[in-house]
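Heads up, the thing below is written out as structure tokens.
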Amino acid sequence: MKVVSAWLRIPFWQRVLAGFVLGAFAGWLFGHSAETWFGPLGTIYVNGIKMIAVPLVFFAVMNAISSLHGQKSVAALGGRTFVWFAITAALAVCVGLSMGWLLQPGHGLAGLTVAPDYTVREVPTPTQVLLDVIPTNPFKALSDGKILQVIVFAGLLGFAMVRLGERTANLRKLAAEASDAMVQVTRFVLELTPLGTFGLIASLVGAYGFEKLLPLGTFVFALYLACALHIVFVYGSLLLLHGLNPLKFFRGAAPGMQVAFVASSSFAAMPAAIRSVTHNLGVDRDYAAFAVPLGASIKMDGCGAIYPALTSMFVAQYFGLHLEPSQYFTILIASVLGSFGTAGVPGTAIVMVTLVLSAAGLPLEGIGYLVAIDRVLDMMRTMTNVTGQMLVPVLVAKETGLLDREVYEAASSNLGIAEGEKAEIGRL
């Protein structure tokens, strides 16, 4: 099949970009019917990557914990990872507040309509969050896709294998082989990304058009600009401080960023993110298998930091309220701690905004004005989340000697099945 072989030889990012452009054109051309005609393509793709996410994380974390050098090593790596999660989240809040102050997205607006499907989200208490981390039934956690619970259970199994030593040699071998098999399945599924991109973008453009975006165009622009500046300048600066070339990072991370932007889900983008940081950027595979899924649960610079900060500014400006210095500090603390505290909660962005606005004493009604365009906002928010989820493992790996510098310097933007496998498919 020469056509398939020629298609697979095109760099991954170019295939995804082609799907994006063609999808946008199809959405514009078909209008609202694009959702009916092309939406199923996107749904099939998202279902496929959600299908592999849980077993990939389960076997990868279990194999990673059992392969690392004991509990002390895991604790040290986990501590560094959490510290960088918090630092980058705090910087993201500052970027969101600064962009809100500069662009004033809430000024000059009047008569905005609250989305009819908006309801105030209940913010879980710290006790509820803590209790939800421990699965009462690990098999139910696997079937429900509760990633944080899956990580906890897989981690405990990994620790148990470390303590039992040679008595679990066969089980460790099985975990490693199962992890390798899931990596292979991931490669196959990720080859559907260009097709999924086409379906998702066509459906989005057809469903939204421009009439929903124009009244809140300044807010959309402010969010996209804030996320872009955070990714380029904040992440880029941190890489430079670690002696790493930012351009190499963005080249290697591009496939994970693309999947995140299109799928609007950190969990859906997780297989691509893991493959990007290991295959393209040289992060130790065992550490990446622990850090990236953890980041997908609690590391949300877009949804949990920039968006709540910018929304707080928007709401204050729209209602003509003056924010006190204490409220700015509250927004900072609530955003950083809240992103950890709402781990695994569906609709994290809305929950985070509810939490931050409540803490700062701002009207919750302001959230309802943004719900109608949330899908458009979520694309950039999620790409920022996932970029941060890939950045932190690279920084920690550099600090701890778990980064293969040669692989990083040769950073590839490709992702998917290996060259030999592509040739084999082309001969079918």
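Exactly one residue among Val234, Asn245, Val394, Leu247 makes a side-chain contact (heavy atoms from CB on, under 4.5 Å) with Leu239. That residue is Val394.
Atom CZ of Arg172 is separated from atom CD of Glu166 by 5.5 Å, given to the nearest 0.5 angstrom.
Between Phe82 and Phe85, the angle of the ring planes goes over 60°, which puts this pair in the perpendicular group of the 30/60° scheme.
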(request) Could you walk me through whether Leu103 and Phe219 pass side-chain contact (heavy atoms from CB on, under 4.5 Å), step by step? (result) CA-CA 8 Å; Leu103 296 184; Phe219 184 88; over 6 Å; no

(request) Please test Leu403 against Leu244 for side-chain contact (heavy atoms from CB on, under 4.5 Å), starting from the C-alpha separation and ending with a verdict. (result) CA-CA 11 Å; Leu403 183 72; Leu244 298 173; 3.9 Å; yes

(request) Please report the C-alpha distance between Met257 and Met390 in whole Å, then the side-chain angles of each, then the deciding distance to 0.1 Å, and finally whether the side-chain contact (heavy atoms from CB on, under 4.5 Å) criterion is met. (result) CA-CA 9 Å; Met257 295 169 68; Met390 292 186 285; 3.7 Å; yes

(request) Apply side-chain contact (heavy atoms from CB on, under 4.5 Å) to Phe329 and Ile333, showing your working. (result) CA-CA 6 Å; Phe329 182 73; Ile333 298 300; 3.6 Å; yes

(message) Walk me through whether Asp404 and Arg285 qualify under salt bridge (Lys or Arg N to Asp or Glu O under 4.0 Å).
(response) CA-CA 10 Å; Asp404 188 327; Arg285 180 174 161 182; over 6 Å; no

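For the salt bridge (Lys or Arg N to Asp or Glu O under 4.0 Å) test, no residue two or more places apart in sequence or in another chain qualifies with Glu406. Applying the ring-ring contact (aromatic ring centres under 6.0 Å, His included) criterion to His242, with sequence neighbours excluded, gives Trp84.
Put simply, the side chain of Lys299 never gets that close to the backbone of Gln389: no donor and acceptor are under 3.5 Å apart. Between the side chain of Thr311 and the backbone N or O of Pro308 there is no donor-acceptor pair closer than 3.5 Å.
The neighbour count for Phe319 CZ, taken as heavy atoms of other residues, nucleotides or ligands under 6.0 Å away, is above 12.
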Using residues 221-232 as the side-chain source, report each donor-acceptor pair under 3.5 Å to any protein atom, sequence neighbours left out, with the distance given to one decimal.
from: Tyr224; atom 1: OH; to: Val376; atom 2: O; distance (Å): 2.8
from: His230; atom 1: NE2; to: Tyr235; atom 2: OH; distance (Å): 3.4
from: His230; atom 1: NE2; to: Asp301; atom 2: OD2; distance (Å): 3.3

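Two residues are said to be in side-chain contact when any heavy atoms from C-beta on lie closer than 4.5 Å; Pro255 and Val259 fail this criterion.
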